[in-house]
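As structure tokens, the structure follows; a few thoughts come after it.
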Amino acid sequence: MVHIDPNSLADDALPAIVNRLARANVQGLIGYPASLSVIASFIEQSSSQRLTLKAVITGGEQLTDRDRRVLARVFGTEPHSNYSASEVFDFASECMAHCGLHIAAEDVVVEIVDDSGIPVTQGHQGRIVVTNLHNYGMPFIRYDLGDTGALLSGTCPCGSELPRLSGLVGKSNTYLHTRSGRRISPGGLYLDRLASLPVVQYQVVQEDLDTVVMYLVPAAGQSPEELSALREKVHDMFVGAFGESIRFDVQFTDRIAPGAAGKHTFVFSKIAPVAPTSSPGGRGS
Ligand SMILES: [Zn+2]
């Protein structure tokens, strides 16, 4: 087994990392999607040795459409997104259909609730609370993982009737807050719209109550005119999500460093909420 520290993925370290993986003849990779995507993008854009894998499993953060496509293209297999928490271990995973994450309902009860703890209807985002059924030493009952997500309706094409979570949108402290006390959920920003644009990485940061900045790492090889057009396009695409009271800015950067524990945070707010808010119907936005 080869362990790669996600904080070690600097550009000049990548050739040696890919060499290590190739020498060890790895058949599968498990890791944060943003970290695996850095390795995959390097392989794709350089004359580096290729890695053809049997399986790629991502976890710890949301698997974006862009990262999914890059990983599938470079490693020759579509990644499986996995959701785990140290308190309840792995409890939701994608099947071969890749239509949401099946919950291991034999072992854990997963509910999506609003801020009052009331379950929301399927398709609506809320806080993820779990009850594990077989942890007799330390039972967790309606334990709030601090993540937000939604349950999917309907049956998965794979035929399994285990309930499914939609793509996870991350920690609930990633909500943005307006002066009026409104909360904007990461899911409500529809950041996957960026997947169609020449953008390698992104991060939305609420700097203060009035300012939100989207940091973008643009794909290489764009002219100054193309970069300017890209900035304008992204601004127009998202400015409506924040409302008039927030100044929304788009800035380019060379690299977005992972946060604590090497995880990439897509959205975070540097401020505390203005006032306690509730979310009738659990729409979370
Ligand atoms: Zn399925």
Side-chain angles (χ1 to χ4, degrees), residues 26-37 40 52-113 119-135 140 142-172 185-188 190-193 195-196 263-264 266 282-284:
V26 293
Q27 300 292 303
L29 285 175
I30 301 175
Y32 299 138
S35 304
L36 296 181
S37 178
T52 302
L53 306 176
K54 292 184 176 151
V56 174
I57 297 172
T58 69
E61 59 191 28
Q62 190 182 8
L63 173 61
T64 65
D65 283 351
R66 180 197 171 274
D67 286 346
R68 182 187 293 277
R69 287 208 290 265
V70 170
L71 294 174
R73 209 163 55 225
V74 174
F75 296 131
T77 181
E78 182 162 352
H80 291 258
S81 179
N82 185 44
Y83 184 29
S84 62
S86 49
E87 301 89 341
V88 284
F89 307 109
D90 295 3
F91 68 89
S93 311
E94 273 184 19
C95 63
M96 298 304 282
H98 302 280
C99 292
L101 286 72
H102 285 288
I103 294 166
E106 308 92 335
D107 187 46
V108 63
V109 177
V110 175
E111 297 170 273
I112 308 296
V113 302
V120 303
T121 51
Q122 280 185 340
H124 284 138
Q125 275 181 35
R127 306 175 77 90
I128 301 174
V129 296
V130 298
T131 302
N132 53 12
L133 303 176
H134 298 102
N135 185 353
F140 288 102
R142 303 196 91 204
Y143 180 76
D144 189 336
L145 291 173
D147 286 341
T148 57
L151 287 172
L152 293 174
S153 56
T155 312
C156 182
C158 79
S160 166
E161 294 188 3
L162 287 171
R164 289 172 300 151
L165 278 171
S166 65
L168 302 165
V169 293
K171 294 288 170 195
S172 51
S185 77
Y190 300 103
L191 289 166
D192 271 345
R193 289 184 286 173
S196 62
K263 283 191 189 185
H264 183 81
F266 296 100
R283 286 177 183 82

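Counting starts at 1 for both ligands and their atoms, following the listed order.
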Under 3.5 Å donor-acceptor pairs involving side-chain atoms of residues 99-108, not counting sequence neighbours:
from, atom 1, to, atom 2, distance (Å)
His102, ND1, Leu162, O, 3.2
Asp107, OD1, His134, ND1, 2.8

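For Val26, the side-chain contact (heavy atoms from CB on, under 4.5 Å) partners are Val2, Leu21, Ala24, Leu53, not counting sequence neighbours. Scored by the salt bridge (Lys or Arg N to Asp or Glu O under 4.0 Å) test, Arg193 finds no partners at all (sequence neighbours excluded).
Atoms of the protein (N, O or S only) found under 2.8 Å from the Zn ion (ligand 1) are Cys95 SG, His102 NE2, Cys156 SG, Cys158 SG.
Counting heavy atoms of neighbouring residues, nucleotides and ligands inside a 6.0 Å radius, atom CD of Gln27 exceeds 12 of them.
A donor-acceptor pair shorter than 3.5 Å can be found between the side chains of Asp147 and Tyr83.
Note on Arg68 versus Glu94: salt bridge recorded, some NZ/NE/NH1/NH2 to OD/OE distance being below 4.0 Å.
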